[in-house]
2 protein chains.
Amino acid sequence: MFYIYPMRKLGVKERVIETASDLFYNQGYNQTGINQIIDEAGVAKASMYQHFRSKEDIAVAYLIARHTMWMGKLDECVAKEKSPKSKVICVFTYLTEWLTEVDFRGCGWQNIITDLPTDHNKIKDQAIYHKNELRGWLQKELSKEKEFTNKEAKELGDEVMVLIEGAIILSQIQKDTWPIVTAKKACKKILA
Amino acid sequence: MFYIYPMRKLGVKERVIETASDLFYNQGYNQTGINQIIDEAGVAKASMYQHFRSKEDIAVAYLIARHTMWMGKLDECVAKEKSPKSKVICVFTYLTEWLTEVDFRGCGWQNIITDLPTDHNKIKDQAIYHKNELRGWLQKELSKEKEFTNKEAKELGDEVMVLIEGAIILSQIQKDTWPIVTAKKACKKILA
DNA sequence: TCAAATAAACAGACTTGTCTGTATTGTGTG
DNA sequence: CACACAATACAGACAAGTCTGTTTATTTGA
């Protein structure tokens, strides 16, 4: 047999993560039940529980996958920029493209940690990790800029970080790009 | 009979709103069921449904009550400041006091709208309203400052608004004051 | 043959909201 | 002050559905 398209179905694990990623992000963690995930993934419940201990574990896998995807797209988007400083400013271009595309659905990590059962600590840890990675990315980029000392680069990176988070959540609430546009303007001022 | 303390129990409506406010804010909207609310409020279920059509309606009442409380405390906190500009900067002092007191539980509106059933639009509207009020407050304060034109005041107010939102959500994720401290520093720069 | 995936039933707890019937309250009138 | 009537609050059962997670027994594919 010849398979023009790769007929090999994705494995159970991959299908679950893929489906859950879509559902968790677009309709919310609390709004998404196990049953919907396995139905849409076309997977038996017992098979799913062979690969994941709990719903929280699925969410952790989702967030890990999302992290590499999100950081990858960020790198891709800022690649065309020459200076570290303009790379950092370009983050807000990335935010605009991304958030308008998803109809201002906001940040996957912000969304999941704000209304979570008290004991879901693995999810919270993923949020902390992701935000720390982004924070580190900003600081690292800015530290490449000769005009800044290391200390300055760290402080400026943190300020940009706050602007990013504010732009994301506010654009989500207001369903508008103005917070991102505003944040970009503020970012330029700060780095000037 | 003499009642030293006001013996008059609060009415059903008030008790429900008070209890629900505590629960919705501290353990989350999705994590709080009707039954827990009526149990802790000491109210019969039928009585509660006499005053509120649905759980969403309780949440709306909670957010309305929270809005007046929150804005009131803000006004109180910045009252000691003389200039409009320092009032605006003082918002971050307010944030620090508030958020450390509630152990970085974050913003009631941000928390409730990020993982909500799709049809809960009355709640979303409350979030939009609250954020617009705060945005207007900032713009109004800054427009009192003679050194800014009206247009400048609006733009600067929006930039501060983004910083505020970012500081709240990021301090919630990281369980630390650094985002607020950083936002304050950035705010001073922007208004300088 | 053998491990993995399947369908489907099941447990048990939870959800919002309705309903019934009883008890308690407050108010207006005599 | 006393009585009656209406409004409200009460406890708790109930409906109809959701949820996560387990188990069993069957089928599939290498």
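What you see is a predicted model; the values in this text were computed from it and never measured. Every chain is numbered from 1, with letters handed out A, B, ... down the list of sequences.
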Using heavy-atom distances to pick each residue's nearest nucleotide on DNA chain D, tell me which of Q31(A) and A46(A) is more 5'.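 Residue closer to the 5' terminus by nearest nucleotide: Q31(A).
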
Which residue lies more 5' along DNA chain D, comparing Y49(A) with M48(B) via nearest heavy atoms: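 Final value for this comparison: M48(B).
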
Please give, in whole Å, the distance from [N] [atom2] to [X] [atom1]?
| X | N | atom1 | atom2 | value |
| --- | --- | --- | --- | --- |
| D39(A) | dT20(D) | CG | P | 12 Å |
| K13(A) | dA5(C) | NZ | P | 11 Å |
| E14(A) | dA5(C) | CD | P | 10 Å |
| I34(A) | dA11(C) | CD1 | P | 20 Å |
| F52(A) | dT20(D) | CZ | P | 15 Å |
| E56(A) | dT20(D) | CD | C1' | 13 Å |
| I37(B) | dC14(C) | CD1 | C1' | 15 Å |
| I38(B) | dC14(C) | CD1 | C1' | 14 Å |

Between [Y] and [X], does any NZ, NE, NH1 or NH2 come within less than 4.0 Å of an OD or OE carboxylate oxygen?
| X | Y | result |
| --- | --- | --- |
| E155(B) | K185(A) | yes |
| E165(B) | K131(B) | yes |
| E141(B) | K85(B) | no |

For the side chain of [X], starting at C-beta, report the closest nucleotide among [options].
| X | options | value |
| --- | --- | --- |
| V12(A) | dG17(C), dT22(D), dT6(C) | dT6(C) |
| A44(A) | dT6(C), dG17(C), dT20(D) | dT6(C) |
| N35(B) | dT22(D), dT15(C), dC19(D) | dT15(C) |

Between K45(A) and H51(A), which has a closest nucleotide on DNA chain C that is more 5'?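 Looking at the nearest nucleotide for each, H51(A) comes out on the 5' side.
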
Taking only side-chain nitrogens and oxygens of R15(A), does any of them come within less than 4.0 Å of OP1 or OP2 of dA5(C)?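 Result: no.
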
Does dT8(D) have OP1 or OP2 under 4.0 Å away from a side-chain N or O of S47(B)?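 So the side chain of S47(B) is outside the cut-off, no N or O lying under 4.0 Å from OP1 or OP2 of dT8(D).
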
Side-chain donor-acceptor pair present, Q110(A), Q172(B), cut-off under 3.5 Å: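 Side-chain D/A pair, Q110(A) to Q172(B): absent.
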
I would like to know whether S83(B) and S86(B) meet side-chain hydrogen bond (donor to acceptor under 3.5 Å, both in side chains); could you show each step before the answer? CA-CA 5 Å; S83(B) 76; S86(B) 57; 2.9 Å; yes

